[in-house]
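A short write-up of the structure that comes next.
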Number of protein chains: 2
Amino acid sequence: MFKKVLIAEDMEDINKGVHTLLTELGVPDIQQVQYCDDAYLKIKRSVLDNDPFELVITDLSFKADHRSQKYPSGEALVEKIKSEFTTLKVIVYSVEDRLQPVRNLFNKHHIHGYVCKSRSGLKNLTKAIHAAYENTTYLSPEVSNAFSSTNNLEIDDYDISLLDNLSNGLSQEEISALYKKHHISPASLSAIEKRLNKLRIQFNANNAIHLVAIVKDLGLI
Amino acid sequence: MFKKVLIAEDMEDINKGVHTLLTELGVPDIQQVQYCDDAYLKIKRSVLDNDPFELVITDLSFKADHRSQKYPSGEALVEKIKSEFTTLKVIVYSVEDRLQPVRNLFNKHHIHGYVCKSRSGLKNLTKAIHAAYENTTYLSPEVSNAFSSTNNLEIDDYDISLLDNLSNGLSQEEISALYKKHHISPASLSAIEKRLNKLRIQFNANNAIHLVAIVKDLGLI
DNA sequence: AAACCCCTTACGGGAATCCGTAAAGGGTTT
DNA sequence: AAACCCTTTACGGATTCCCGTAAGGGGTTT
């Protein structure tokens, strides 16, 4: 089993629950933090001391308080530590059950496990920890269809950018101008229209408003 | 202090944390459920037995599982029990920190307290319980500006309906037709345009897409 | 009754969108 | 080099949205 694990979770009682679980699993060195920034510093420290953490279990949403944070969310933390300490294993433990954020965590940041906080959350977390230890991955049943082929929509970063700009109030013409300025291709109004039309069809949206509402609900933006 | 309290919360560890808190506060009869439907049944039962609960502490989001539920969310539960057992006090304990849902709980359902799950969640919950016992209300500091006069936007149910229909893909003309059919006034396209224009100004939205994106983020729809 | 206010409705023009068709450019195949 | 495919760009018309102005209708005030 893992010898050294870090828990990043801002709610005390859950933090405690996970700690208890790890103890039962026989992890000798368990450390806890309630802020993402503290998590990063502890990990950094452990590497410098040549006694690195083997696993990080982190939440996604950390409530903001008086302390200003460099890494405001679990995702920002995961992105940072995975880019700097690529071998460090990460399991995300969150209430988030929208598929797209989960997909991003696996595809972009290569986490080892995703567990939804729910009635059987700790049970699934156990499975995820074992999977990570065996160097495989684990996906909570609530979001198990995040990678099912049926709804594997082919949405790329360009699409996301388009939808994001739309939802931020830019007109298609303004987006076109922006992309030309930043040399993002395709940038023509016509191409943008075409792409948005494709997205409308994919998501069964009647119009652009509907489309943005749908992808916001899905967590794409 | 209260003599009989019900906790409705689907996550075991949090449920346990609240239970511990109530025990420390000296509540002799504490009951727990993990499903909204069970909560309703327990409350109903207690009234029929002439030994009613004095307080319900409930979460808002309950993860769906195999059991199909009549009341899928905490809000549905609150609406039901507040309409049927008007004297029963309710405190909502949730991670939700968007202002509009909180406003709705107080204005429409007249709950006694709202506490955000956070680092100091249990501490604030204590205050809320005392406030409810004194028959006053408590509002968690994270959402304390839900009723501050500055951002007290005058949004009524008609506005919400409008935005909801928009986000569901109806064109303004379709909404007009719908309202005429259902005898909702004003129903003319022109009046709908005017109202949406007012909303765009209120929310600093560039266009209808932007507007829907903003109000979705705020939790209005 | 006339004047007034407020809300709803109506109309029109300009802008943005939706949607189809077609041309231009780049790269590969034959 | 010609033929081909694929992506990007361009253009035109139909529809919808955006925004100003103005007319209608009910209720209250003078």
Side-chain angles (χ1 to χ4, degrees), chain A residues 107 152-218 220-221, chain B residues 149 152-218 220-221:
Chain A
N107 292 336
N152 193 2
L153 305 166
E154 288 147 8
I155 311 288
D156 59 22
D157 290 348
Y158 182 86
D159 293 316
I160 302 288
S161 157
L162 221 46
L163 293 166
D164 196 42
N165 283 317
L166 255 195
S167 76
N168 286 327
L170 299 192
S171 71
Q172 297 177 191
E173 201 160 355
E174 286 169 328
I175 296 175
S176 167
L178 184 72
Y179 285 4
K180 277 170 183 157
K181 202 172 105 187
H182 292 177
H183 303 101
I184 297 170
S185 172
S188 79
L189 176 61
S190 189
I192 289 172
E193 285 176 348
K194 180 165 292 191
R195 194 66 84 101
L196 285 175
N197 188 42
K198 190 201 73 179
L199 289 170
R200 268 201 305 278
I201 293 168
Q202 265 187 29
F203 290 105
N204 275 318
N206 294 341
N207 52 47
I209 299 174
H210 197 191
L211 176 63
V212 167
I214 290 172
V215 297
K216 273 191 102 66
D217 282 339
L218 289 174
L220 254 82
I221 55 175
Chain B
S149 55
N152 194 2
L153 304 166
E154 289 147 7
I155 310 288
D156 60 20
D157 290 349
Y158 181 86
D159 293 316
I160 303 287
S161 157
L162 221 45
L163 293 166
D164 197 42
N165 283 318
L166 255 195
S167 77
N168 285 328
L170 298 192
S171 72
Q172 297 176 190
E173 198 160 354
E174 286 170 329
I175 296 175
S176 168
L178 184 71
Y179 285 4
K180 278 171 182 157
K181 202 171 105 187
H182 293 317
H183 303 102
I184 298 171
S185 172
S188 79
L189 177 60
S190 190
I192 289 172
E193 285 176 348
K194 181 164 292 192
R195 194 65 85 100
L196 285 176
N197 187 41
K198 191 202 72 179
L199 290 169
R200 267 200 306 277
I201 293 168
Q202 267 188 29
F203 289 105
N204 275 317
N206 294 342
N207 52 47
I209 299 174
H210 197 190
L211 176 63
V212 167
I214 290 172
V215 297
K216 273 193 101 67
D217 282 339
L218 289 174
L220 253 80
I221 56 176

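Note on naming: letters A, B, ... go to the chains in the order of the sequence lines (proteins, then strands), and numbering restarts at 1 for each one. Being a predicted model, the structure only gives us computed values, none of them experimental. Side-chain atoms are counted along with the backbone in the values below, which use heavy atoms only and exclude waters and symmetry mates.
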Roughly how far, to the nearest 0.5 Å, is [atom2] of [Y] from [atom1] of [X]?
| X | Y | atom1 | atom2 | result |
| --- | --- | --- | --- | --- |
| A:Ser167 | A:Ile209 | OG | CD1 | 13.0 Å |
| B:Leu166 | B:Leu162 | CG | CG | 6.0 Å |
| A:Ile192 | A:Glu174 | CD1 | CD | 11.0 Å |

Check: With no hydrogens and no angle check, do the side chains of A:Tyr158 and A:Ser185 hold a donor and an acceptor under 3.5 Å apart?
Finding: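 On atom types as modelled, these side chains do not qualify, holding no pair under 3.5 Å.
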Just the rounded figure in Å: distance from [atom2] of [N] to [atom1] of [X].
| X | N | atom1 | atom2 | result |
| --- | --- | --- | --- | --- |
| B:Ile192 | C:dC7 | CD1 | C1' | 15 Å |
| B:Lys198 | C:dT8 | NZ | P | 10 Å |
| B:Ile175 | C:dT8 | CD1 | P | 16 Å |
| A:Leu211 | C:dC18 | CG | P | 9 Å |
| B:Tyr158 | C:dC7 | OH | C1' | 12 Å |

Quick tally for nucleotides 10-18 of chain D: nucleotides whose base has a protein heavy atom under 4.0 Å get B, sugar-phosphate-only ones S, the rest -, giving BB----SSB
### Task
Check side-chain hydrogen bond (donor to acceptor under 3.5 Å, both in side chains) between A:Asp217 and all other residues, then give those that pass, not counting sequence neighbours.
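A:Asp217 satisfies side-chain hydrogen bond (donor to acceptor under 3.5 Å, both in side chains) with B:Lys216 only.
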*Sequence neighbours excluded, which residues qualify as side-chain hydrogen bond (donor to acceptor under 3.5 Å, both in side chains) partners of B:Asn197?*
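Expected list: B:Arg200.
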